[in-house]
Amino acid sequence: AENIKIGVSYPTPTHAWAAGMNWHAEQAEKRLEALYPDVDLILVNSPDPSAQASALEDLVSVHKIDALVVLPFESEPLTDPVLNVKNSGARITVVDRGLSQPGIEDIYVAGNNPEMGRVSAVYMKTRLESGDNIVILRGIPTLIDNERFDAFMAEMEGSGVNVLDHKHANWNRDDGFEVMQDFLSRFPDIDAVWAQDDDIAIGVVAALKQAGRDGDGMFVVGGAGMKETIKSIMDGETLVPVDVLYPPSMIATAMDVTVASFKSNGPVAGRYILGATLITPENAASFYFPDSPF
Amino acid sequence: MLDGQSSTTLVLEADRISKSFGAVPVLFSVSMGIRAGEVHALIGENGAGKSTLMKVLSGFHTPTSGRILFDGEETVLPPDGGAERLGIVLIHQELNLAEQMTVEENIYLGRELTRNGVLDRETMRNKVRGYLDEIGLDISTSARIADLSIAEKQMVEIVKAISRNARVLIMDEPTAVLTEAETALFFRQVEKLKKTGVAVVFVSHKLSEVKLIADRITILRDGQWIGTKDADALSPDAMAQMMVGRELSDLYPPMHEVDVDAELVLEVRNLYSSGVSDVSFDLRKGEILGFSGLIGAGRTAVFEAVCGLAPIESGQVFFEGRETRFASVAAARDAGVAYLTKDRKAKGLLLDKQMRPNLTLFALPKFVRRFGIDTKAEDKAMARAIRRFDIRARDPKINVGDMSGGNQQKLLLAKIIETDPQVVIIDEPTRGIDVGTKQQVYHFIAALAAEGVSVVVISSEMPEVIGISHRVVVMRDGQVMGVLTGDDINENEIVRYAAGLKREGRG
Amino acid sequence: MTVLANSSLGKGKRMSFDIKTAGPAIALILLCIIGFLLNPAFLSEGNLTNLLTRSAFIGIIAVGATFVITAGGIDLSVGSMAAAIAGVMIIIMNSAVETLGPGLATVLLGCGCSIVLGIGAGWINGMLTTKGKIEAFIVTLGTMGIYRSLVTYFADGGTLSLDFAIRGTYRPVYYGSFLGLPIPVWVFIVVAVLGWFLLNRTAFGRYCTAIGSNEAVAKYSAIKVDRVKTMTYVIQGLCVSLATIIYVPRLGSASSSTGVLWELEAIAAVIIGGTVLKGGYGRIGGTILGALILTTIGNILNFTDLISNYLNGTMQGLIIIIAVWLQRGDWGKAKAKTN
Amino acid sequence: MTVLANSSLGKGKRMSFDIKTAGPAIALILLCIIGFLLNPAFLSEGNLTNLLTRSAFIGIIAVGATFVITAGGIDLSVGSMAAAIAGVMIIIMNSAVETLGPGLATVLLGCGCSIVLGIGAGWINGMLTTKGKIEAFIVTLGTMGIYRSLVTYFADGGTLSLDFAIRGTYRPVYYGSFLGLPIPVWVFIVVAVLGWFLLNRTAFGRYCTAIGSNEAVAKYSAIKVDRVKTMTYVIQGLCVSLATIIYVPRLGSASSSTGVLWELEAIAAVIIGGTVLKGGYGRIGGTILGALILTTIGNILNFTDLISNYLNGTMQGLIIIIAVWLQRGDWGKAKAKTN
Ligand SMILES: Nc1ncnc2c1ncn2[C@@H]1O[C@H](COP(=O)(O)OP(=O)(O)OP(=O)(O)O)[C@@H](O)[C@H]1O
Ligand SMILES: Nc1ncnc2c1ncn2[C@@H]1O[C@H](COP(=O)(O)OP(=O)(O)OP(=O)(O)O)[C@@H](O)[C@H]1O
Ligand SMILES: [Mg+2]
Ligand SMILES: [Mg+2]
């Protein structure tokens with residue numbers, strides 16, 4: 001049989017979540033190629049949007065792919081390049097970040113960023129009262145960060161909880177540590193921290209412990225579902241009591257679905273939106289992948 | 001020619017010029033008039049302010065007080081070489097060429113010929129070729145300055161200046177790095193320019209040259225104007241006396257004979273290196289060995305190879321009887337062999353540093369006490385060097401680059417001697433040094449030899465080699481043409497060997 | 001005899017010089033051979049076109065950087081500058097589309113603004129270094145941060161995107177071809193030729209070299225050092241704006257991640273090409289090859305999955321070092337060095 | 001008249017020199033005043049301690065960079081080198097915990113490895129620049145990419161985390177205090193004092209300065225140029241490894257984003273401190289102040305919400321440029337320049 005070539009393009013992992021995604025992609029590649037000898041998956045990662053656009057060009061001109069699974073670095077810049085791939089005749093599966101023009105992709109698999117912000121806020125409200133103070137550590141200034149942040153703020157609206165300040169910690173542990181140190185110097189009374197991301201949360205926790213302000217009911221909410229965090233939730237840690245899922249395995253889901261679109265008889269096109277589940281000690285075990293780097 | 005009129009009109013005149021750097025006064029109310037079609041020499045001791053005056057007269061320095069008259073009118077000269085447009089061209093004492101650029105590019109720098117905005121490279125190249133041929137300089141127009149020898153660089157500077165259609169051509173020690181042959185070529189050009197009515201001002205410490213070419217002579221001492229005389233009225237001795245302010249005794253010290261049985265300190269056998277082929281000679285303890293030859297004869301190359309600065313291709317070097325190959329300058333230094341470069345700007349001194357770190361740089365291990373540098377010992381060394389070599393910097397904290405050329409040379413000498421070497425090779429020891437100090441340097445070299453230090457003097461100044469050497473090696477094209485001793489050491493013999501008219505059989 | 005020695009000296013020099021010039025070319029050819037061996041599709045027309053087009057951005061910026069570096073300066077702000085200019089262009093075109101319509105006029109307005117901004121930004125860098133007497137490294141590190149954060153600010157942390165109506169008009173500037181070559185390649189060629197001409201055939205080019213070689217000498221040769229230096233930054237700005245003009249239609253957007261690390265790539269291209277980082281010697285031809293080499297490395301790494309993706313950076317680093325080592329072209333001649 | 005003009009000029013010169021030395025200090029004091037005005041908590045003991053501790057990383061690295069830059073080189077690889085060393089340290093300690101247990105021995109093993117790696121990495125940079133005769137910019141750009149991708153590879157794109165058992169033993173190296181000052185600050189102080197001594201009071205320091213000032217003169221002055229230059233890179237590597245040793249216990253992890261842009265920060269600190277980028281003049285004291293200035297800028301921006309988060313980079317850029325401009329300390333003396 002003729003080979004089915006599927007290109008898989010995503011950003012170079014520069015933080016743990018992306019590394020987890022990369023791990024899931026590699027696992028899926030092995031699994032699918034073993035399962036279907038005629039399927040060839042080609043994984044490419046790129047350090048920035050224009051490199052990703054270049055990689056897409058190379059997938060078409062060199063590898064002559066039949067389908068593309070793409071997690072765009074950013075939506076806008078990659079809309080045209082993906083459209084070009086589509087025009088070459090390949091099927092398109094978009095993961096996570098939607099393109100800015102509807103109708104290009106055949107399949108869409110995504111997490112839910114606004115939902116992530118909202119779910120975090122809902123949890124916050126269950127623990128806080130009017131007049132309580134929180135600080136927010138945001139990610140890298142991007143659309144994703146904005147979506148999470150805006151949804152969070154919208155949900156908090158009217159709760160009476162004060163957001164003292166929000167600074168970018170770039171989904172980075174070091175920045176999380178330093179920004180939190182400064183928040184602690186600046187604000188004597190903080191009741192909770194929304195760190196948005198598990199990496200930032202690690203830095204935040206270190207800063208809290210250093211300043212000795214990790215007691216009296218203070219808590220931190222991160223996000224994404226890092227295995228260490230999930231483990232500590234399973235163990236009943238109170239400083240980071242919950243996590244909000246944004247699963248890096250979505251890329252594997254997308255690869256599965258794409259291969260299925262060649263192999264299955266039924267139609268597989270459409271939208272697959274994964275939830276932003278709140279991970280609590282009760283359900284944590286089912287989200288724990290000890291082998292993943294994330 | 002234009003005589004009657006041109007010899008009296010002053011093109012450029014300094015009127016009671018004073019100049020200070022910071023709080024340090026350098027020139028005190030100096031006046032000097034320059035006539036069209038004359039060669040006007042400016043002489044004076046090191047640090048007398050000659051270079052400073054020349055820079056004031058060409059707009060590179062603004063005078064602190066006093067006036068400059070150009071064509072009889074008071075003028076404020078434009079800065080940074082802008083005076084070239086008025087026809088006032090200065091060749092700086094320190095070489096002023098862009099090292100990475102070619103000869104052609106340097107000669108036309110700042111006034112490139114263009115056609116419709118495009119460089120007219122063809123014309124520029126041809127013109128430069130013409131200039132180079134005229135002055136007898138055999139280098140390519142597209143040679144990089146960095147690849148030229150220092151003398152060639154100086155010739156390029158001269159060509160650059162000559163090509164600028166100057167009305168006043170000011171040259172600060174243009175001949176310091178030239179041999180007599182090249183100086184003669186250069187003077188031919190000066191004569192030519194003079195005939196066309198160009199006023200030539202030049203600074204030199206070679207008084208015989210001054211006597212030969214100058215029409216009038218101005219003498220500076222300690223920043224003061226001492227006098228302006230017709231050249232005919234002054235003998236070199238009189239010049240020296242006016243400069244130094246006292247009568248000079250014999251320039252050269254009395255010669256101590258070397259003990260013919262003195263041990264051989266350095267023996268070089270069949271040395272091959274780049275620019276050196278089959279060179280052999282030896283050097284005895286306490287001997288002063290002169291090296292003579294034309295520029296590019298390979299004298300420097302021999303000692304750069306010996307001292308670990310350039311790789312030896314083949315041949316043997318014996319130091320104190322043992323075969324040695326110094327792997328690095330440091331190894332040579334530690335063994336007691338020191339080499340003083342002739343290129344003090346590029347290889348000798350850190351121009352952006354003060355005197356003290358420069359003085360001790362070569363001998364620095366000597367100044368280390370318990371891991372740190374003993375600054376007190378450095379200060380003592382500095383004081384000693386200043387005394388010994390009469391280094392005059394009015395401001396001791398000045399950067400070496402701002403010191404007068406001659407004083408830099410003295411500092412360089414002091415720097416090398418600081419290691420107390422057994423063998424010292426001095427390449428052009430008195431380049432840019434005034435007669436008074438020259439005398440001191442010669443006596444110093446003689447004293448070193450008397451103490452048992454062996455000295456190699458590489459010099460392009462024939463009288464110097466003749467005056468102080470026990471023996472003279474003459475080189476040409478990287479080979480030794482002959483070794484002269486005793487009465488054979490005279491100008492006639494040296495020239496015959498150097499020009500290849502005579503060659504010794506190998507022994 | 002003297003003449004002989006001289007001429008042989010000259011020849012030796014000229015030959016080593018030739019190798020030096022040919023160095024980057026040899027490195028590039030080797031890379032192409034490796035690419036072909038890894039995957040014959042490397043030499044397909046499609047891939048070569050992609051490669052050239054991609055090199056155009058960095059290449060055009062690097063031509064500007066060649067001037068700055070030759071004159072002894074450095075410009076770290078180019079990547080952020082490109083992002084900021086792209087951002088402003090998009091904002092302006094998006095708002096002009098209401099009055100001017102999505103036609104050529106709007107695109108031209110955008111390009112005009114880009115050029116004005118590029119020149120202005122270059123001028124600011126130039127003035128701060130020359131008149132402000134602040135080290136170029138600091139000035140451009142500062143403006144790098146400023147432009148980067150401005151584009152984030154304009155985009156509100158997200159992405160600025162070009163109105164889809166305009167894209168149709170503007171698209172051909174990136175995706176169109178002329179005589180078989182994509183437009184960006186043509187722009188690259190024109191910039192390269194003009195840059196080469198300016199550096200090698202005009203007085204201005206010589207002034208840049210002279211300033212980089214020895215500022216005092218340049219000054220004493222009555223060259224207006226500050227003006228020439230400022231001009232090199234202006235040229236750099238102009239090149240950045242040209243690169244941006246062909247970049248915007250490619251992805252139709254700008255964000256805070258646009259142009260990240262382009263400054264290092266551009267400088268690397270310049271230096272791989274043989275220009276001396278400390279100034280005084282510049283080679284536009286080498287710069288072009290340098291840009292092609294860098295793009296080719298990235299391209300080749302997309303061609304093979306022999307190497308873990310994570311090790312791309314290792315390969316890139318090794319190849320850059322080896323390429324420059326190759327182009328020194330005096331292996332084993334170490335002995336002759338001292339002269 | 002003459003004398004008057006002279007003496008005032010002279011004083012100007014001496015004064016401007018003093019201001020130049022004092023420049024970074026003044027800039028830092030101004031920043032502190034601004035910080036205090038924005039929020040009095042800026043001067044709280046806790047914040048000052050944080051500030052000093054944070055400066056330690058960049059500061060220690062910048063001390064090394066002062067040597068490299070003074071000797072006319074540059075090292076872009078330090079950030080990646082730190083990340084790679086941290087990664088390897090963690091891997092080694094994690095695997096040693098089984099045999100050596102989670103005690104001091106393991107930590108010492110880790111630190112030892114860090115130092116060996118730092119020295120080795122520096123030595124490689126040095127040899128490639130001196131013996132390989134490749135421009136330092138290219139060498140270290142290459143090794144920067146290599147180390148960065150190696151750490152990504154080791155971490156599988158993610159994060160390497162130190163075994164929790166070891167953290168307890170190792171923690172005090174970051175979080176502990178001695179005489180009221182955190183350990184990292186002590187390390188910083190020791191490195192700074194040693195660095196100052198080495199640069200200003202030893203033959204080696206003189207040699208660095210001499211080489212940066214004029215390599216040919218250095219060579220003719222019996223300085224082993226290649227060896228000294230290599231040593232500066234080794235010192236840089238050692239400083240990076242020290243910085244890494246105090247960095248690892250902080251969060252107990254290393255990832256591909258560890259140390260990103262530290263190279264630019266370190267170089268910026270060096271140059272803000274008054275060291276000349278082209279070499280020949282280095283000031284350790286200035287470097288320390290430069291590192292403090294950079295950290296303080298970031299700290300102050302976290303202390304206020306007056307400025308849009310997005311504009312942090314703009315403020316940072318402006319403050320850096322202004323700080324360096326301030327330290328030039330010859331505002332308005334442009335006229336006196338010509339002398
Ligand atoms: N830029 C400067 N700053 C401070 N002092 C200077 C500067 N230039 C020259 N001087 C000082 O001025 C004095 C005169 O120097 P000048 O170079 O004019 O002497 P000179 O007569 O040319 O000596 P030489 O024969 O040695 O070249 C010296 O003491 C020198 O140190
Ligand atoms: N064949 C050659 N290959 C490389 N370099 C050469 C060759 N021949 C001569 N040179 C170089 O030419 C220069 C001229 O030689 P050198 O400086 O030793 O001559 P010199 O007699 O000392 O002349 P000067 O009067 O200038 O001191 C040297 O730098 C030498 O290395
Ligand atoms: Mg002089
Ligand atoms: Mg010589």
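Proteins come first, then strands; the chains are lettered A, B, ... in the order of their sequence lines, and each starts at number 1.
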Do Arg186(A) and Asn47(D) have side chains that get closer than 4.5 Å, going by heavy atoms?
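A side-chain contact under 4.5 Å is absent here.
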How long is the gap from [atom1] on [X] to [atom2] on [Y], to the nearest 0.5 Å?
{"X": "Leu184(A)", "Y": "Ser44(D)", "atom1": "CG", "atom2": "OG", "value": "11.0 Å"}
{"X": "Lys167(A)", "Y": "Phe303(D)", "atom1": "NZ", "atom2": "CZ", "value": "10.5 Å"}
{"X": "Asp175(A)", "Y": "Ser257(D)", "atom1": "CG", "atom2": "OG", "value": "8.0 Å"}

Looking at every non-hydrogen atom in both residues, tell me the closest pair between Ala41(D) and Ser185(A) and how far apart they are.
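That closest heavy-atom pairing would be CB-O, 3.5 Å.
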How close do Ile202(A) and Leu251(D) get, heavy atom to heavy atom, and via which atoms?
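Answer, listing the atom of Ile202(A) first, then Leu251(D): O-CD2, 4.3 Å.
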Side chain / backbone / both / neither for [X] at chain D, heavy atoms under 4.5 Å:
{"X": "Ala206(A)", "value": "both"}
{"X": "Asn170(A)", "value": "neither"}
{"X": "Asn172(A)", "value": "side chain"}

Which bit of [X] comes within less than 4.5 Å of chain A, counting heavy atoms only: side chain, backbone, both or neither?
{"X": "Phe42(D)", "value": "neither"}
{"X": "Asn302(D)", "value": "both"}
{"X": "Leu160(D)", "value": "neither"}

Going by atom types alone, do Asn299(D) and Asp182(A) pair a side-chain donor with an acceptor below 3.5 Å?
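Yes, Asp182(A) and Asn299(D) have a side-chain donor paired with an acceptor closer than 3.5 Å.
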Can you see whether Arg250(D) engages Gln210(A) through a side-chain donor-acceptor pair at a distance of less than 3.5 angstrom?
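Their side chains do not contain a donor-acceptor pair, so the 3.5 Å distance test is not met.
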Given the rule in the side chain to side chain contact (heavy atoms under 4.5 Å, CB included) test, do Glu178(A) and Asn50(D) qualify, once you have shown the distances and angles that lead to the verdict?
CA-CA 8 Å; Glu178(A) 291 186 359; Asn50(D) 284 346; over 6 Å; no
